[in-house]
Amino acid sequence: MTRTTTRIVELALAVLPTLLLAGGCGNGEAQGPPPPQAVTIGPESVARVERGEVRTGPLISGELRPEREATVRAEVGGAILDVRVEEGQPVRQGALVARIEARALDDTRTSAQSAVRSAEQALGVAEREAARTESLVKGGALAERDLEAARNAVAAAQAQLADARARLASAERQLADTVIRAPIAGIVSDRPVNRGDVVAPGAPLVTIIDPSSMRLDASVPSAALRSLRVDQPVEFRVRGYGDQVFTGHIERISPAADPVTRQVPIYVSVPNTAGRLIAGLFAEGRITSETRTGLVVPAAAVETDGSSAWVLRVKDGKAERVAVQVGLTDEARGRIELTSGVAEGDVLLTGAAHAVTPGTPVKVAPETAARRD
């Protein structure tokens with residue numbers, strides 16, 4: 001390269017920064033970095049601070065059972081002549097449920113009736129003989145021992161009559177037991193027998209439950225014993241009824257924990273006047289230990305870092321991180337009480353929206369637009 005060429009290159013390099021500066025100032029101002037674009041947040045990732053109620057207490061789970069239940073069993077053995085009820089059918093107390101064949105018992109009662117009549121006649125004969133003997137003893141015709149023997153015969157006849165009457169009463173009771181009646185009013189939940197079946201004494205015939213009052217047999221961790229008391233309110237949901245909440249109160253607390261799970265059984269009385277609840281369903285709920293009204297937000301809106309908690313609030317079109325104080329936590333409803341840091345009506349980001357960097361412009365999409373999408 002010649003000396004002249006080298007000089008031209010040096011001049012070009014010296015002038016290049018000036019040309020670049022002149023080009024940048026051609027519009028009258030310097031070009032800085034472009035402003036950040038606003039992040040659009042869907043309505044499902046936004047929550048508003050509201051005033052509401054939070055409740056705390058131990059969680060429970062268990063099975064619904066009828067408060068009143070009666071299993072009618074056969075008192076005597078025999079063939080089923082008739083069954084008058086079906087599963088799901090309501091019955092009144094005292095209504096006829098079934099009948100058992102009573103042919104052999106009829107014969108037993110007839111025999112007992114004959115024995116009673118025979119004993120009554122024998123007693124009459126003994127009493128008349130005793131009366132004649134007593135007259136003869138007074139007249140001196142018979143000795144005193146003859147009167148004593150006559151009186152003993154009367155006592156024996158009385159005992160035989162009493163035995164015959166007892167056997168007749170037993171036969172009549174057994175005969176009455178062949179007619180089965182409902183001991184309580186309710187609904188038939190089970191009927192394991194049919195007409196023609198032969199049953200033995202003690203065999204179950206019909207099960208009747210009273211659906212007007214149910215009982216939740218549940219259990220709670222032993223650590224929650226301090227917060228349990230009789231008549232404490234209980235809220236629970238039942239599988240098959242969606243989000244409908246049912247209420248009851250603790251009726252009894254078991255004095256012994258389960259030796260395997262260390263859970264403490266409790267028994268919750270549940271009014272069921274409408275008859276909607278069905279025995280045997282699984283239920284989950286919570287015992288209400290404390291209730292408070294304050295500023296509440298969904299649990300997904302609050303993040304914790306060790307002992308501190310914070311939320312992302314949308315203010316002036318930007319996301320800002322705000323430290324908050326947490327009060328009660330309603331685990332069953334997924335709500336948290338905030339005692340400081342936010343005000344009623346504040347808009348908070350929830351869930352995946354917590355990935356937004358504080359200071360980023362935020363635009364909340366309206367719900368109507370989200371539905372159209």
Side-chain angles (χ1 to χ4, degrees), residues 51-71 87-93 182-190 206-294 296 298-299 327-337:
R51 183 166 294 277
E53 185 181 75
V54 288
R55 299 179 179 181
T56 61
L59 300 179
I60 63 172
S61 61
E63 181 182 356
L64 286 173
R65 295 183 180 274
E67 188 76 26
R68 297 180 63 209
E69 179 179 4
T71 298
E87 289 91 347
Q89 176 182 340
V91 295
R92 301 186 310 273
Q93 183 176 0
I184 63 173
I187 297 178
V188 177
S189 64
D190 187 26
V206 173
T207 299
I208 303 172
I209 66 173
D210 179 7
S212 62
S213 180
M214 302 292 287
R215 185 183 74 232
L216 175 59
D217 292 356
S219 57
V220 297
S222 57
L225 276 177
R226 290 182 298 177
S227 60
L228 295 183
R229 67 178 186 277
V230 176
D231 289 332
Q232 200 167 4
V234 177
E235 290 184 345
F236 62 93
R237 290 180 173 86
V238 180
R239 289 183 181 177
Y241 291 87
D243 292 333
Q244 184 175 358
V245 177
F246 299 91
T247 59
H249 66 273
I250 298 178
E251 186 177 33
R252 302 188 307 276
I253 302 174
S254 174
D258 186 278
V260 178
T261 64
R262 302 303 175 187
Q263 300 271 319
V264 179
I266 63 171
Y267 305 94
V268 180
S269 179
V270 182
N272 191 33
T273 54
R276 296 198 59 197
L277 293 174
I278 298 176
L281 294 181
F282 184 77
E284 293 180 319
R286 180 190 57 200
I287 302 170
T288 303
S289 299
E290 185 177 358
T291 302
R292 197 155 64 196
T293 300
V296 296
L328 296 180
T329 299
D330 192 335
E331 296 181 359
R333 299 180 182 179
R335 307 170 74 183
I336 294 179
E337 177 195 20

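Keep in mind that the numbers below use all heavy atoms, side chains included, and drop hydrogens, waters and symmetry copies.
For E53, the salt bridge (Lys or Arg N to Asp or Glu O under 4.0 Å) test picks out R55, with sequence neighbours left out. Listed by chain and number, the residues in a side-chain contact (heavy atoms from CB on, under 4.5 Å) with S61 are F282, E284 (sequence neighbours excluded). Taking the salt bridge (Lys or Arg N to Asp or Glu O under 4.0 Å) definition, one finds that R226 meets it with nothing, sequence neighbours left out. Looking at residues two or more places apart in sequence or on another chain, you find no side-chain hydrogen bond (donor to acceptor under 3.5 Å, both in side chains) involving E87. Partners of R292 under the side-chain contact (heavy atoms from CB on, under 4.5 Å) rule, at least two apart in sequence or in another chain, are V54, E290, L328, E337. Under the side-chain hydrogen bond (donor to acceptor under 3.5 Å, both in side chains) criterion, D330 pairs with R286, not counting sequence neighbours. S212 is linked by a side-chain hydrogen bond (donor to acceptor under 3.5 Å, both in side chains) to D210, counting only residues two or more places apart in sequence or in another chain. Taking P183 as the reference, A70, V72, I208 meet the side-chain contact (heavy atoms from CB on, under 4.5 Å) condition, with sequence neighbours excluded. In this structure, the salt bridge (Lys or Arg N to Asp or Glu O under 4.0 Å) partners of R65, at least two apart in sequence or on a different chain, are E63, D217. Taking the side-chain contact (heavy atoms from CB on, under 4.5 Å) definition, one finds that P298 meets it with A47, sequence neighbours left out.
For residues 257-275, no residue pair satisfies the salt bridge (Lys or Arg N to Asp or Glu O under 4.0 Å) rule, not counting sequence neighbours.
Considering CG of L281 and CE of M214, their distance stands at 7.5 Å, rounded to 0.5 Å. Here CD1 of I187 is found 10.0 Å from CD of Q89. Values are rounded to the nearest 0.5 Å. In this structure, CD1 on I287 lies 5.0 Å from CD1 on I60, to the nearest 0.5 angstrom. Within the model, atoms CG of L277 and CG of L64 stand 5.5 Å from one another, a figure rounded to the nearest 0.5 Å.
V91 and A182 get closest at one heavy-atom pair: CG2-CB, 4.2 Å. Closest heavy-atom contact between I209 and S189: CG2-OG, 3.8 Å. In terms of heavy atoms, A257 sits closest to P265 at CA-CD, 4.4 Å. Taking all atoms of both residues into account, the shortest heavy-atom contact from E69 to P66 is OE1-CG, 3.5 Å. Pairing each heavy atom of T56 with each of T329, the nearest pair is CG2-O, 3.4 Å. Minimum heavy-atom separation, L216 to A283: CD1-CB, 3.8 Å.
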Name each donor-acceptor pair under 3.5 Å that joins a side chain in residues 236-250 to protein atoms two or more places apart or in another chain, with its distance.
| from | atom 1 | to | atom 2 | distance (Å) |
| --- | --- | --- | --- | --- |
| R237 | NE | D243 | O | 3.3 |
| Y241 | OH | R276 | O | 2.3 |
| Q244 | OE1 | R276 | NH1 | 2.8 |

